[in-house]
Asks: 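Quick one: structure below, then a few questions.
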Amino acid sequence: MTTGPNTTSGTDRFRSRLLPNTAPWRSSRDFRLTWTSGTVTLLGSIFTMTAIPLQIADLTGSPLAVGAVGAVELAPTILFGLYGGVLADRADRRTVALVTEIALAALSALLLANALLGTPAVWPLYVAAGVAAALQGIQQPSVEAMVPRLVPQDQLVAAGALLSLRWSIGGVVAPAGAGLLIATAGVPAAYLVDLGTFLLSIALLAQVRPVPSARDAEAPQLTEFLDGVRYAARRPDLTGTYLADLAATVFALPTALFPFLAADLDAGWALGLLYSASAVGSLIAAATGGWAERVHRHGRLVLLSAALVGTATAAAAFAPGLWAVLLCLTVAGGAHWIGDTFRSAIWNQSIPDELRGRAAGLEMLIGSAGPALGDLRAGGLAARQGIRAALRTGGLLCLGSSAALSAAIPALWRYDQRAHRAEPAGVEPTPCRTTRTDPTA
């Protein structure tokens, strides 16, 4: 049957409203290369992130030894993330990303060599985890600060959605693939895959044009990070995005509870499903996120998404069975994607280029501290009051925090991307203006 013109245009409209906008891929070769490089690296890194704890558990038999990996990673992530933010505003961002990628590849080669020994040593695993955290702390601010230089201003929301999509894909696909590969071919195979992905990523990044800093190429000083903090403090709407992120991760990211929640549900076999449910929700939201580009009130979506995360997490505490819990966690994952997408849009659209690296460093600091504090909060409360109480309390605190932020920081609720553009660092930020005649949320 021949499809008429009206049907075709209707189908096109449906696709444009639902499916992600791939314009940044089509219009920017450098964004396409950077996105693909990051996706390849992410997939390979998850193989190593899965292999290191399993190898430590196999070599030591100690849960405490496995848990110590997180402690080893936290301090380098924070310290070098701060320095990486300053460096991103001083150096060529593409060069920083490329050099750290090469160093990470060398680290994977060392892990592979250690795993192939007759009796692998344990200490290189901790050293590798700490050094990798430091290198990623240096790299991530430069990678994030590159994006607004690679795509047009009106494609930043679409670019953010595509970046979130790759994290969602990695979170769903890579852990399962890593577990299967390690079970069938052993830990060295996981490190070999990671090394191969790094080599491919390096080849892709090498083709990206330089992204030099807008500032004089002087030696970066860690104290310059305070300039980014002071800039954020002058902007309540920007500060509000960080606080909303903290509310969602500290109160409503209950991954530390999943092993105990699986036992509570009498479904130990479903632990992997609990871990992947949030990623599935993010993937669904990303794959149907074409609507995001038509939303102008980005601050409103940041706050509403945090409220939805809290509501879904609290609902999981009352869910009667495994599948209901998984549904709640999937909804929370989708809400996390919405919040991440619009927070990224606010940062990319309104932060001056000369401060974007330090702003990304601050974001990384909060992004690292939030989940760590969330695990501590959830575990401590669960030990005193039980798993369901920890879920319920965290979700309600997240919901309440979102409502409090909406009332306390009206500039974030009113934030409209049409009235906000990045200003030079020394200029006061343009005030948000609301357009009462526009019904778009």
Side-chain angles (χ1 to χ4, degrees), residues 156-157 160-161 163-164 231-254 278 281-282 285-286 288-289 291-316 328-351 359 362-363 365-367 369-371 373-374 377 392-420 429-436 438-441:
L156 285 174
V157 175
L163 292 171
S164 296
Y231 175 78
R234 294 200 307 269
R235 288 200 38 199
D237 52 351
L238 190 60
T239 302
T241 65
Y242 294 128
L243 294 176
D245 190 19
L246 276 176
T249 54
V250 171
F251 297 132
L253 193 65
S278 179
S282 295
T288 58
W291 56 270
E293 282 190 275
R294 291 182 296 281
V295 176
H296 302 294
R297 315 255 181 200
H298 294 172
R300 196 164 298 183
L301 266 293
V302 168
L303 292 165
L304 291 175
S305 67
L308 181 55
V309 169
T311 301
T313 302
C328 292
L329 295 177
T330 301
V331 172
H336 271 295
W337 178 88
I338 294 172
D340 289 344
T341 296
F342 287 102
R343 273 192 299 272
S344 175
I346 290 174
W347 297 334
N348 287 334
Q349 290 170 339
S350 65
I351 296 174
L362 180 59
E363 173 203 346
L365 174 61
I366 292 171
L373 292 173
R377 179 209 65 82
R392 179 176 63 250
T393 303
L396 293 177
L397 284 172
C398 179
L399 178 59
S401 297
S402 177
L405 288 172
S406 300
I409 310 180
L412 179 57
W413 180 260
R414 294 195 305 264
Y415 183 96
D416 188 330
Q417 60 95 13
R418 294 167 295 186
H420 234 94
T430 305
C432 262
R433 299 188 295 273
T434 54
T435 307
R436 296 182 181 275
D438 189 344
T440 306

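From a predicted model like this one, the values you see are computed outputs, not experimental measurements. Atom set for the values below is all heavy atoms of this structure, side chains included, hydrogens, waters and symmetry mates excluded.
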Asks: Return the set of residues passing side chain to side chain donor-acceptor pair (under 3.5 Å) with Ser344 (not counting sequence neighbours), or none when no residue passes.
Replies: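 Expected list: Asn348.
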Asks: Closest approach of Ala335 and Ser305, non-hydrogen atoms and distance?
Replies: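 Looking at all heavy atoms of both residues, the closest pair is O-CB, 3.4 Å.
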Asks: Do Thr239 side-chain atoms and Ala232 backbone N/O form a donor-acceptor pair below 3.5 Å?
Replies: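 Such a contact is found between Thr239 side chain and Ala232 backbone.
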Asks: First locate atom CG of Leu362, then atom CD1 of Ile351, and finally report the distance between them rounded to the nearest 0.5 Å.
Replies: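 Here the rounded value is 8.5 Å.
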Asks: List the atom pairs, donor and acceptor, that lie under 3.5 Å between side-chain atoms in residues 396-411 and the rest of the protein, sequence neighbours left out.
Replies:
{"residue": "Ser401", "atom": "OG", "partner": "Leu397", "partner atom": "O", "Å": "2.7"}
{"residue": "Ser402", "atom": "OG", "partner": "Leu303", "partner atom": "O", "Å": "2.6"}
{"residue": "Ser406", "atom": "OG", "partner": "Ser402", "partner atom": "O", "Å": "2.9"}

Asks: May I have all residue pairs that pass salt bridge (charged side-chain N to carboxylate O under 4.0 Å, His left out) and include part of residues 244-254, sequence neighbours excluded?
Replies: Asp245-Arg343
Asks: Any side-chain heavy-atom pair from Phe251 and Thr313 closer than 4.5 angstrom?
Replies: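 Counting from C-beta outward, Phe251 and Thr313 never come under 4.5 Å.
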Asks: Aromatic rings Trp337 and Trp291: how do their planes relate, parallel, tilted or perpendicular, breaks at 30° and 60°?
Replies: perpendicular
Asks: Could you tell me the separation between the CD1 atom of Ile346 and the OG1 atom of Thr341, rounded to the nearest 0.5 Å?
Replies: 11.5 Å
Asks: Once rounded to the nearest 0.5 Å, what's the spacing between atom OG1 of Thr249 and atom NE2 of His336?
Replies: 7.5 Å
Asks: In Å, rounded to the nearest 0.5 Å, how long is the span from CZ of Arg235 to CG of Leu412?
Replies: 10.0 Å
Asks: Let me see the working for Thr241 and Tyr415 under side chain to side chain contact (heavy atoms under 4.5 Å, CB included), right down to the final yes or no.
Replies: CA-CA 11 Å; Thr241 65; Tyr415 183 96; over 6 Å; no
Asks: Say you draw a straight line from CG of Leu243 to CD1 of Ile366; how long is it, rounded to the nearest 0.5 Å?
Replies: 7.5 Å
Asks: If you compare all heavy atoms of Ala244 against all heavy atoms of Ala306, which two are closest, and at what distance to 0.1 Å?
Replies: O-CB, 4.3 Å
